[in-house]
There are 2 protein chains.
Amino acid sequence: METFAARGYGKASLAEIADRAGLTQAGVLHYFRSKANLLTEVLDLRDTTDIAGLGPERPRGLTFLQHLVDTARHNAEREGIVRLYAVLSAESVTDDHPAQDYFRNRYAGLRGFVTEALTEACDLGEVHEDVDVESAANAIVAVMDGLQVQWLLDPEAVDMAASTESVIKALVASLEAG
Amino acid sequence: METFAARGYGKASLAEIADRAGLTQAGVLHYFRSKANLLTEVLDLRDTTDIAGLGPERPRGLTFLQHLVDTARHNAEREGIVRLYAVLSAESVTDDHPAQDYFRNRYAGLRGFVTEALTEACDLGEVHEDVDVESAANAIVAVMDGLQVQWLLDPEAVDMAASTESVIKALVASLEAG
DNA sequence: GCACGCTTACTGAGTGGTTAGTAAGTAGTC
DNA sequence: GACTACTTACTAACCACTCAGTAAGCGTGC
């Protein structure tokens, strides 16, 4: 995780990963058939403790949205994981990247969760166009990601929790009003 | 640009860049002293036509914010440039990346522009806390970036212009109300 | 209690390929 | 005769991955 976060997938070397783990490069490949396989295993492992891994018993409505703000606040003390996801998610859009499917699915899931929570939080009937709430949900997922890159480059200049909260509050208000 | 966008800086090779340009790898290094120098030159060249390169005669207030939405719409027809910036900006947070300063400065500039425009658009007096408008400005920059990654992975699922617009409208309304 | 085959957990030494960057030379232009 | 625009040829490092071997642990048979 540390090596992928610090170098990205492409520039991370099995030799460095092996060194950190205290074995040889061939030793790493004894456990993971290939570098790509190691990446997907790392990603699968992490996911079980993340938002995207929340089961059907996850919080709903405003509680879920508040949970997103809490996650942003919590993330400001987990530079490593933030870096891992910020780097790999963007890198995944390059040609033939092994984590492309992982991130496509992850984002689809996140968008779905936030769309649901937003619908519940605003108590929307059939009045509302789905397109509005989906636009808002996609934006909420996006703002959290975009803030991470800015924060990693300049932690003093960005308050991830505050910006996340102002977007969520503003969007909820605008959906309820409109 | 195409090679950096498709592979990222780390995995892009001078040989591929040279091939596309119709000369040898050494020929590329005749013009650019190093790979890192080539990257910064590419970035500097692009910037002159981008938002960040707008001079002091740029639009102001709501017009500027509307310009951001137009840019998002326009970007949906420029996959290459979107990919270049999405990939490189996130990759720049890795150790010793040659574009780190470039993106740190770029984001600082963008945040400043949007903060200014937001202040003008909402006609804010001394009543308002700076922290609110800055949080909102950072979020607007972030949402545009975050949407790009999602859009690159799944263009059907994301409407960059619509999501950008809903965030800007909601934030402007919330600043004016609060 | 100990030899048996089987499995797990590695290491060391490669293989074949790619990397950025350099050095020297050449053809053409001013 | 100097300068520009390259090329060919090279270097030294690094890359993921393979392969053959070794050492240790383990359940089974006697």
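Here is how names work: the chains are called A, B, and so on, in the same order as the sequence lines, proteins then strands, and each is numbered from 1.
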Using atom [atom1] of [X] as one end and atom [atom2] of [N] as the other, report the distance to the nearest whole Å.
{"X": "A/Glu16", "N": "D/dA13", "atom1": "CD", "atom2": "C1'", "value": "16 Å"}
{"X": "A/Arg7", "N": "D/dC14", "atom1": "CZ", "atom2": "C1'", "value": "13 Å"}
{"X": "A/Phe32", "N": "D/dA16", "atom1": "CZ", "atom2": "P", "value": "15 Å"}
{"X": "A/His30", "N": "C/dT7", "atom1": "NE2", "atom2": "P", "value": "13 Å"}
{"X": "B/Lys11", "N": "D/dA16", "atom1": "NZ", "atom2": "C1'", "value": "10 Å"}

Original post:
If every non-hydrogen atom of B/Ala99 is compared with every non-hydrogen atom of B/Leu43, which pair is closest and at what distance?
Top reply: CB-CD2, 3.8 Å

**OP:** Would you mind building the protein contact string for nucleotides 20-30 of chain C? One character per nucleotide, 5' to 3', B for base within reach (heavy atoms under 4.0 Å), S for sugar-phosphate only, - for untouched.
**Re:** BBB--------

**OP:** List for me each residue that meets side chain to side chain contact (heavy atoms under 4.5 Å, CB included) alongside A/Ser163, sequence neighbours excluded, and say none if there are none.
**Re:** A/Leu147, B/Ser135, B/Asn138, B/Ala139

**OP:** Could you walk me through whether A/Arg58 and A/Arg60 pass side chain to side chain contact (heavy atoms under 4.5 Å, CB included), step by step?
**Re:** CA-CA 7 Å; A/Arg58 71 184 183 281; A/Arg60 305 233 150 230; 3.9 Å; yes

Original post:
Which pairs pass salt bridge (Lys or Arg N to Asp or Glu O under 4.0 Å) with one or both residues in residues 141-150 of chain A, sequence neighbours excluded?
Top reply: none

Subject >> B/Lys11 and A/Asp96 ion-paired at < 4.0 Å >> reply: no

Subject >> A/Tyr107: partners by ring pair (Phe, Tyr, Trp, His ring centres under 6.0 Å), with sequence neighbours left out >> reply: none

**OP:** Keeping to residues at least two apart or across chains, list the ring pair (Phe, Tyr, Trp, His ring centres under 6.0 Å) pairs with something in residues 6-30 of chain A.
**Re:** A/Phe4-A/Tyr9, A/Tyr9-A/His97

Original post:
Which ones in residues 87-98 of chain A lie close to DNA chain D, meaning a heavy atom under 4.0 Å from one of its atoms?
Top reply: none

Original post:
Taking the inter-plane angle between the rings of A/Tyr85 and A/Tyr102 on a 0 to 90° scale, is it parallel (under 30°), tilted (30 to 60°) or perpendicular (over 60°)?
Top reply: tilted

